[in-house]
Every structure is written in C-alpha cells, then in structure tokens.
Amino acid sequence: MFTKKRKLGTVISNLQVGEKVEVSKKVEDKDILLYLGFSDDANPIYIQHDYASRTPFQKPIVPHIMINGIINSTVSMHLPGPGSAVLSQRLEYPAPLYHYGTLTLSVEVVSVDEKKHLVTVEVQGTDEDGREIVKGVMEVCPPYPWKPVTQDAGTFENF
C-alpha cells in the first residue's frame with residue numbers, strides 16, 4: 001500500500017512555457033444546487049429569477065467561486081496536474097456566466113521557475129457565445145517527483 005506509485009501530473013523539469021490545456025464545463029442546475037447547499041450561500045442573484053431580472057444581469061448567474069473551482073480543478077487534474085497546489089491567483093470576471101452556460105477554459109504556462117519550484121499559468125475563460133467570462137494568472141507549485149519509500153520497523157516508531 002505505501003509503495004504503490006500514484007499518478008502525478010507533470011513535474012517542473014518537464015514543464016515548458018507555452019504548454020496549454022483547454023477544458024469545457026456546462027453548468028447545470030445540479031451543479032449550482034450542490035454548491036449552494038454546500039456553501040449555504042443564498043445570494044438571490046444565483047437562484048431567484050424574479051430578483052435577477054431586475055438587475056443588470058437580467059437572469060441568475062453562476063457564482064464566481066464555482067468558476068474558481070472549475071479553474072482549480074483544471075490545474076490540479078490537467079496542467080500541471082495531480083500533486084500540484086495553487087499558491088496564488090489573481091482573477092477578473094468581465095462578464096457573468098449564466099445558468100446552463102458552458103465555460104471553456106484555457107490554461108497556459110507562461111513562466112517556469114525551477115529554483116523556486118513555481119509555475120505561472122495564464123487563465124482565460126469564455127462562454128458558448130465567445131464572451132470573456134474570466135481572465136487572470138495563477139502561481140502553482142507543480143508536483144514533486146514521486147520517490148517510493150521502503151517501509152521498515154523504524155518507519156512506524158511513533159506508533
């Protein structure tokens with residue numbers, strides 16, 4: 001169990017400026033309801049059509065934190081991938097994503113600093129009509145190389 005190799009993303013020595021991944025996610029009612037139930041966020045701009053119709057948005061929007069979650073998932077599952085951690089992010093939301101909208105994300109490596117073990121990625125997201133929904137940059141710690149550890153009696157001396 002302890003020596004089983006697990007799938008990791010791309011380690012820093014194999015990452016290059018210009019590497020890119022694109023993913024798309026259609027946001028359904030179930031996704032929004034799960035988020036709202038988990039977060040206990042009852043903001044009417046997310047769920048009440050009558051309220052949203054009286055705002056500049058005209059209809060309910062997807063919570064920005066859900067968009068952040070889709071971005072973080074893209075980083076942790078695709079580029080750099082499993083084993084990576086987001087250290088900072090600066091994101092802007094020029095336009096809303098509406099219920100039933102499809103967010104298409106592009107995440108691209110713009111710098112690699114092996115000395116600091118840090119990768120900077122640029123994020124751009126559009127909806128199905130090509131409107132820019134999110135843009136920004138993130139600093140990511142990519143996965144460290146997997147080094148299996150052999151287990152012996154000394155490993156468990158604190159037990």
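Keep in mind that what you see is a predicted model, and the values were worked out from it rather than measured. Along the sequence shown, residues carry numbers from 1.
A continuous path of ILVMFWY side-chain contacts below 4.5 Å connects Leu91 to Val107, so both sit in one hydrophobic cluster. Ile47 and Leu34 fall into different hydrophobic clusters, where Ile, Leu, Val, Met, Phe, Trp and Tyr side chains are chained together by heavy-atom contacts under 4.5 Å. Hydrophobic clustering, with ILVMFWY side chains joined whenever heavy atoms are under 4.5 angstrom apart, groups Tyr98 together with Ile71. Connection of Leu118 to Val11 is not established within any shared hydrophobic cluster, with ILVMFWY side chains joined at heavy-atom distances below 4.5 Å, either directly or through further cluster members. Linking ILVMFWY side-chain heavy atoms closer than 4.5 Å, directly or via other members, places Val86 and Ile12 in a single hydrophobic cluster.
Remark: Tyr100 pairs with no residue by the ring-ring contact (aromatic ring centres under 6.0 Å, His included) rule, at least two apart or across chains.
Taking each heavy atom of Glu132 and Thr126 in turn, the nearest pair found is CA-CG2, 4.2 Å. The shortest non-hydrogen separation linking Pro82 to Lys7 is CB-O, 3.6 Å. When all heavy atoms of Asp127 and Asp129 are compared, the closest pair comes out as OD1-N, 2.9 Å. The shortest heavy-atom contact between His49 and Pro60 is ND1-CD, 3.4 Å. In terms of heavy atoms, Gln89 sits closest to Asn68 at NE2-ND2, 3.8 Å. Residues Leu15 and Pro142 come closest through the heavy atom pair CD1-CB, 3.9 Å.
Ion pairing between a basic and an acidic side chain is recognised when a charged N comes within 4.0 Å of a carboxylate O; Lys25 and Asp31 show such pairing.
For the pair Val109 and Gln16, the minimum side-chain heavy-atom distance is 4.5 Å or more. Counting heavy atoms from C-beta on, the side chains of Met138 and Val123 come closer than 4.5 Å. Counting only heavy atoms from C-beta outward, the side chains of Tyr46 and Pro63 approach each other to under 4.5 Å. Proximity of Ser53 to Lys59: side-chain heavy atoms (C-beta onward) are nowhere separated by under 4.5 Å. Residues Val62 and Ile32 are in side-chain contact: their nearest non-hydrogen atoms beyond the backbone lie under 4.5 Å apart. Side-chain contact between His99 and Asp29 is present, with at least one heavy-atom pair separated by less than 4.5 Å.
In terms of modelled atom types and a separation under 3.5 Å, the side chain of Arg131 and the main chain of Leu97 share no donor-acceptor contact. Ser73 places no side-chain N or O within donor-acceptor distance of the main-chain N or O of Gly69, the cut-off being under 3.5 Å. Although no hydrogens or angles enter the test, the distance criterion places no donor-acceptor pair under 3.5 Å between the side chain of His78 and the main chain of Glu22. When atom types are taken as modelled, the side chain of Ser76 and the backbone of Asn72 share a donor-acceptor pair closer than 3.5 angstrom.
Residues Tyr144 and His117 bring their aromatic ring centres within 6.0 Å.
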*Just do the side-chain contact (heavy atoms from CB on, under 4.5 Å) check on Val75 and Ser84 with the steps written out, would you?*
CA-CA 8 Å; Val75 167; Ser84 59; 4.1 Å; yes
*Checking side-chain contact (heavy atoms from CB on, under 4.5 Å) for the pair Val27/Met66: CA distance, chi angles, key distance, verdict?*
CA-CA 9 Å; Val27 179; Met66 279 186 66; 4.1 Å; yes
_Stepwise side-chain contact (heavy atoms from CB on, under 4.5 Å) test for Thr120 and Asp113_ = CA-CA 8 Å; Thr120 304; Asp113 187 337; over 6 Å; no
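Here Ile133 contributes atom CD1 and Ile67 contributes atom CD1; the two are 6.5 Å apart, rounded to the nearest 0.5 Å. Within the model, atoms CD of Glu108 and CD of Glu122 stand 6.5 Å from one another, a figure rounded to the nearest 0.5 Å. Note that OG of Ser88 and CD of Glu139 are 3.5 Å apart. Values are rounded to the nearest 0.5 Å. Residue Ile65 holds its CD1 atom at 9.5 Å from CG of Asp41, rounded to the nearest 0.5 Å. Taken from OG in Ser106 to CG in Leu79, the straight-line distance is 9.5 Å, to the nearest 0.5 Å. A distance of 10.0 Å separates CD1 in Ile45 from CZ in Arg54, rounded to the nearest 0.5 Å.
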